[in-house]
Amino acid sequence: MKHLLSIEDLDRAGIERLCDRAASFAEVADRPIKKVPALRGRTVLNLFYESSTRTRSSFELAAKRLSADVVNFAASGSSVEKGESLRDTVQTLAAHRPHAIVVRTPWAGASKLITQWTDAAIVNAGDGQHEHPTQALLDIYTLRSRLGSLDGLNVWVVGDVRHSRVARSLVLGLQTMGAQVTVAGPPTLVPAEIAVLGCDVRYTLDDLPQADVVYALRMQNERMKQAYVPSIREYAAEYQISSRRLGARQLLMHPGPVNRGVELAGDVVDGPQSLILDQVRAGVLVRMAVLYEVLASGGGPSSPPDGPPDGPERRRRRPSGGRDPFNNPELHPA
Ligand code: NCD
């Protein structure tokens with residue numbers, strides 16, 4: 001995998017492979033020193049044109065835990081404010097020869113465009129209302145860790161689908177993994193065209209009890225150019241997920257940030273059925289796996305070859321032999 005631009009870049013085997021790799025990194029998070037040398041000598045540039053808490057911090061942590069050098073670029077405070085274009089900004093930063101660029105922009109398709117301007121591996125961390133593939137991967141990872149498999153799982157995605165880049169990647173990714181997906185919300189926020197992705201579309205929550213997993217989406221006020229709901233109170237009355245609506249066996253997810261009291265009632269956010277913080281933790285692991293994979297296939301073999309032990313990290317090699325991602329000689333040459 002050279003780039004990760006869309007969840008459609010991955011088939012089921014590819015998603016499974018990334019989840020397995022993420023699981024193999026889980027142990028690093030429990031170490032006193034949370035670092036492995038897998039990407040030593042590699043540079044990862046985080047290029048963020050939009051605000052972000054979870055995605056940006058987890059990409060940064062992921063790169064650092066793999067021992068890559070990390071440069072964080074935020075559009076605010078940069079020459080973007082002086083009118084520098086996306087292309088000039090990318091080409092300027094690419095002069096530092098990063099191996100990977102993680103990019104979030106308000107423009108659909110921007111990450112794909114950037115692949116034409118640099119040799120670096122590009123990872124889409126959200127492009128406008130289009131896609132957010134690593135979010136879908138971490139959501140799949142979270143469910144897989146909890147349930148083992150997504151085959152036959154019934155997932156309802158509820159809320160502002162229209163303005164959500166999470167929705168598109170999530171619906172496609174969940175279906176690839178064998179889940180059945182229903183999207184639900186008011187007609188103004190759930191475009192009928194979303195059905196082309198193969199999901200069911202509902203405008204009421206009457207059948208919500210059928211869901212195994214309820215995935216709420218944030219009301220994305222910053223993207224709205226007009227009023228899509230009569231009032232937040234009326235929206236909440238019809239579509240808010242609260243302990244009244246969430247059945248005892250249902251799991252709750254949300255990509256964050258949550259608008260408490262709008263799409264979710266506070267009690268369910270902090271309740272025992274909520275996987276929201278598991279999703280955040282999974283974000284670091286899955287992004288480690290993605291960075292590892294794009295840098296491995298761009299600059300070395302994707303399956304680490306066997307090699308003689310030559311240092312403390314090598315001595316930790318697992319009995320599984322050449323598939324230990326922490327010990328790829330190509331990625332941390334002596
Ligand atoms: C999402 C985003 O920014 O696209 N959040 C995230 O990445 N964790 C969803 C959102 O903002 O609602």
Side-chain angles (χ1 to χ4, degrees), residues 4-7 22 46-63 72 74-76 102-111 123-143 155-174 183-186 189-191 194 213-225 228-229 232 235-236 239-241 252-264 268-269 274-291:
L4 178 61
L5 305 176
S6 159
I7 195 72
N46 288 324
L47 177 60
F48 276 63
Y49 274 78
E50 272 189 353
S51 56
S52 171
T53 301
R54 290 153 199 79
T55 307
R56 190 170 148 180
S57 62
S58 61
F59 265 113
E60 182 173 350
L61 264 177
N72 288 313
S76 70
V102 176
V103 51
R104 167 170 288 193
T105 73
W107 310 296
S111 50
V123 179
N124 181 4
D127 60 335
Q129 292 165 212
H130 181 226
E131 279 231 40
H132 194 353
T134 59
Q135 179 70 43
L137 287 172
L138 74 88
D139 294 331
I140 290 167
Y141 177 87
T142 303
L143 286 171
V155 183
W156 276 54
V157 179
V158 180
D160 181 2
V161 173
R162 177 179 292 278
H163 300 100
S164 174
R165 54 185 164 222
V166 173
R168 195 184 145 76
S169 298
L170 182 67
V171 169
L172 291 168
L174 289 172
V183 301
L189 292 178
V190 179
I194 191 91
V213 177
V214 179
Y215 191 114
L217 291 174
R218 185 172 65 90
M219 183 73 94
Q220 308 205 11
N221 296 307
E222 78 280 13
R223 297 190 194 280
M224 296 184 190
K225 295 189 184 75
Y228 285 86
V229 292
I232 291 300
Y235 175 81
Y239 299 102
Q240 183 186 88
I241 308 301
L252 177 70
M253 299 177 82
H254 189 295
V258 173
N259 290 315
R260 282 179 189 250
V262 182
E263 66 269 6
L264 291 181
V268 292
V269 175
S274 168
L275 299 181
I276 296 171
L277 293 180
D278 298 87
Q279 291 172 267
V280 174
R281 279 186 287 270
V284 177
L285 304 178
V286 161
R287 287 165 178 139
M288 285 171 85
V290 167
L291 288 175

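Atoms within a ligand are numbered from 1 in the order they appear, just like the ligands themselves.
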Exercise. What are the two closest non-hydrogen atoms of Asp127 and Trp107, and how far apart are they?
Worked result: CB-O, 3.3 Å

Proximal ligand 1 atoms for [X], defined as those under 4.0 Å from one of its heavy atoms:
| X | answer |
| --- | --- |
| Thr55 | 6 (C), 7 (O), 8 (N) |
| Val166 | 1 (C), 9 (C) |
| Gln135 | 6 (C), 7 (O), 8 (N) |

Exercise. Does ligand 1 have any atom sitting under 4.0 Å from a heavy atom of Ser164?
Worked result: no

Problem set entry | Gly256 touching ligand 1 at heavy-atom level, < 4.0 angstrom | yes

Contact check, side chains of [X] and [Y], non-hydrogen atoms, under 4.5 Å:
| X | Y | answer |
| --- | --- | --- |
| Leu189 | His163 | yes |
| Arg218 | Pro255 | no |
| Leu137 | Leu4 | yes |
| Tyr239 | Met219 | no |
| Val155 | Leu170 | no |

Exercise. Is Pro257 touching ligand 1 with its side chain, its backbone, both, or neither, if touching means heavy atoms under 4.0 Å apart?
Worked result: side chain

Around [atom], find the nearest protein heavy atom and jot down its residue, atom name and distance.
| atom | answer |
| --- | --- |
| atom 8 (N) of ligand 1 | Pro255 O, 2.9 Å |
| atom 11 (O) of ligand 1 | Arg218 NH2, 2.9 Å |
| atom 4 (O) of ligand 1 | Arg165 NE, 2.6 Å |

For this session: Give me the one residue out of Glu131, Gln135, His130 that meets side-chain contact (heavy atoms from CB on, under 4.5 Å) with Ser169.
Result: Glu131

For this session: Select the closest option to atom 3 (O) of ligand 1 among Arg54, Arg104, His132, Glu50, judged by heavy-atom distance.
Result: Arg104

